[in-house]
There are 2 protein chains.
Amino acid sequence: MANIQEVAKEAGVSVATVSRVMNGGAVTPKTKGKVEEVIKRLNYEPSMLGRNLRNSESRLLLVLIPTISNPYYSDIINGIENTVIRQGYNILLCETDSNPERENIYFDMVRKKMADGIISMDPTVNMEELKILAEDHPIIQCSEYSVESGIPFVTIDNEEAAYRAVSHLVNIGRTDIAMINSDVTFLYARQRQLGYQRALEEKGVPFDEGNVYYTNGPSFERGQQAMRKILTDHKDHSAVFAVSDLLAIGALKEAHQLGLRVPEDIAIAGFDKIAFSNMTNPALTTIAQPMYDMGTTSAQMLIDKINGRTVESTMMSHELIIRESTIG
Amino acid sequence: MANIQEVAKEAGVSVATVSRVMNGGAVTPKTKGKVEEVIKRLNYEPSMLGRNLRNSESRLLLVLIPTISNPYYSDIINGIENTVIRQGYNILLCETDSNPERENIYFDMVRKKMADGIISMDPTVNMEELKILAEDHPIIQCSEYSVESGIPFVTIDNEEAAYRAVSHLVNIGRTDIAMINSDVTFLYARQRQLGYQRALEEKGVPFDEGNVYYTNGPSFERGQQAMRKILTDHKDHSAVFAVSDLLAIGALKEAHQLGLRVPEDIAIAGFDKIAFSNMTNPALTTIAQPMYDMGTTSAQMLIDKINGRTVESTMMSHELIIRESTIG
DNA sequence: TCCTGTTTTGTAATCGATTACATTTAAAAT
DNA sequence: ATTTTAAATGTAATCGATTACAAAACAGGA
């Protein structure tokens, strides 16, 4: 592997000239041609390590997610990726597994200059640590956020979205609605519960804490468990609102397993519009978040922040997608 | 942000001594304590950029996948991640979108020393380019591979696995089996078709090319399309073998949509045992690959290769998981 | 005390690029 | 032809670590 010195020597010029040829500096067409010929002949590829050290940047951005197995993140990541690649950056997908140790490895990468910034989408992130890190390094929150942290964020109006989903259930005549929530330590969980509550109270249905079933994270299995609990409680719910599609799909599976028809016996609505929400039978009513745009927006915000520009938190729009699981 | 120079000056020692304190060299307990105090006080974090340049390594490994939205990869990636992190590496998840341009960006990262090696899981990878890259850089193929490339690989016996799945369908009395294959430019697709063929012929059912439905990639939508075609061809198939769970889940959805009962009217088997294969209704019969182990194995192979050790290609075991979609 | 051998510490080169500044070369103006 | 001005090129410092080698400090033995 040739380096810039060898190219310079072979072409009979200085390293500065080679560098200029590479980066579009002022060089005579003649020398440029000569150098380019040598570059091609020696198969020279400039080392990013040298350049990065000199420029004290890595052009690597971290994207923190709790797990890649939740398809919720895939479109957001797509948006991020397309945005940053166009500007000469790359992303490192960081799966924390909600493990503080793992998380710390990634924080360390930023501290040690191996990454230029972070987009955090991890609801389980250690906000204290993140806040401290944000004092010295560019960080953006996407989807899940904390206002008090002072770290810019991109999100949707969770409360309003949940309100709309639950209102829709009420409007099709299902007032007896159970809620499958995840963990109220997460802001989105609290916000969506508020929306659920508001929709019910507005229709004169008193809010009953007993109708909210909390799970330990938004996974398929937890959705199954919650649904089993709901059905064995024998409260005759005619609808279920789950705060995530994975939970809803789990609930759907369990309802079928226990011989119920969806939506005839029980309607189910999810949240997020992950790809799989359309693959179930019946297809799932859900809330669509502008995933891709949330990705591009947060990515651009991060790059702006890296470049010293000031950035503003953004609230994005959402949409209720009515499908088979709540029709009838 | 303090650097090693400032720490050295502040502690009244040389940079060499600071480096030794950081990396466990020989230092007097007294100096060690003094330096550590300064490190803590100045909040010093050694820059990886400097170290990496000096050591000409990045300790970053690339993992090439066509798309993160295919959950097939998540467990493999988990295995890779756990293995490499323990050895001081990190992975960069690279989504190529089957786009040669994107792919080239990642290849460039290796050429430019921003990554130390590659685990390729992308069936659409440009094998010519990969082969050339492998001459100068450590590369391992996982799951999808090419023997002729000479690049070490980790895989399962696709032909045998498909043979078992199809034999199972025959054994439950369904000899009239359609196959939903992806693209035969992929080795796994050809191998699984061979297994399908062998299972049929062994039971005296002649192979009929007309019963194989090719799709443009293993996605849910393609599975739906293929199933629609199968059912409108009116050949009265009593079973479908799909080469991937996503295809099978699409087929399942379409069968339901068209009013068929699974497995009573038509049995469906998939391949890969992705998490969602258990969330459908009915749950999907499928082939389990030792995903996590494939991840750890290929990761260790890559690290071995980086360290100049010789590595051998590995064939891993698989398992037929019989579930509701083929019972009855 | 002096010498030897070992351990600790420091000096300076190195990794591979970029870039400020100095110098040379070429073009334009007189 | 000479001076002025602009463009091209080169020299060397720099980014922040590691490490070979040199030098200094210290211990033990005579």
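Lettering follows sequence order; numbering is per chain, from 1. Only heavy atoms go into these numbers, but all of them, side chains included; no hydrogens, no water, no symmetry mates. Quick caveat: nothing in here was measured; it's all calculated off a predicted structure.
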Of all the nucleotides listed ([options]), which has the minimum atom distance to the side chain of [X]?
X     : options                : value
A:N3  : D:dG10, C:dA17, D:dA17 : C:dA17
A:R51 : C:dT11, C:dT9, C:dA17  : C:dA17
A:I4  : C:dA17, D:dG10, D:dT18 : C:dA17
A:Q5  : C:dA17, D:dT19, D:dG10 : C:dA17

Notebook entry, point to check: Per the atom types in the model, does the base of C:dG16 pair as donor or acceptor with the side chain of B:R54 at under 3.5 Å?
Noted result: no
Just wondering, do [Y] and [X] contact through their side chains at under 4.5 Å, heavy atoms?
X      : Y      : result
B:L62  : B:F107 : no
A:Q141 : A:M121 : no
A:Y188 : A:T155 : no

Whole-Å distance between [N] [atom2] and [X] [atom1]?
X     : N      : atom1 : atom2 : answer
B:L42 : D:dG16 : CG    : C1'   : 15 Å
B:K30 : D:dC26 : NZ    : C1'   : 12 Å
A:N23 : C:dT19 : CG    : P     : 7 Å
B:E6  : D:dC15 : CD    : P     : 10 Å
A:E45 : C:dA17 : CD    : P     : 10 Å
A:M48 : C:dG16 : CE    : P     : 16 Å
A:E57 : C:dT18 : CD    : P     : 11 Å
B:K32 : C:dT7  : NZ    : P     : 17 Å

DNA chain D nearest-nucleotide lookup for B:R20 and B:A2: closer to the 5′ end is B:A2
Check your understanding: Just to confirm, is there a sub-4.0 Å distance from OP1 or OP2 of D:dT9 to any side-chain nitrogen or oxygen of A:T28?
Key -> yes
A:S19 side chain N/O closer than 4.0 Å to the phosphate oxygens (OP1, OP2) of C:dT18? yes
Please work out if [X] contacts a base, only the sugar-phosphate, or nothing of the nucleic acid, heavy-atom cut-off 4.0 Å.
X     : value
A:L53 : base
B:N55 : sugar-phosphate
B:S56 : nothing
B:N52 : nothing

dist B:Q289:CD -> B:I274:CD1 (nearest 0.5 Å) comes out at 11.5 Å
| said: Run the side-chain contact (heavy atoms from CB on, under 4.5 Å) test on A:L130 and A:I151 for me, step by step, so that the C-alpha distance in whole Å, both residues' side-chain angles and the decisive distance to 0.1 Å come before the verdict. | reply: CA-CA 9 Å; A:L130 195 70; A:I151 305 172; 3.9 Å; yes
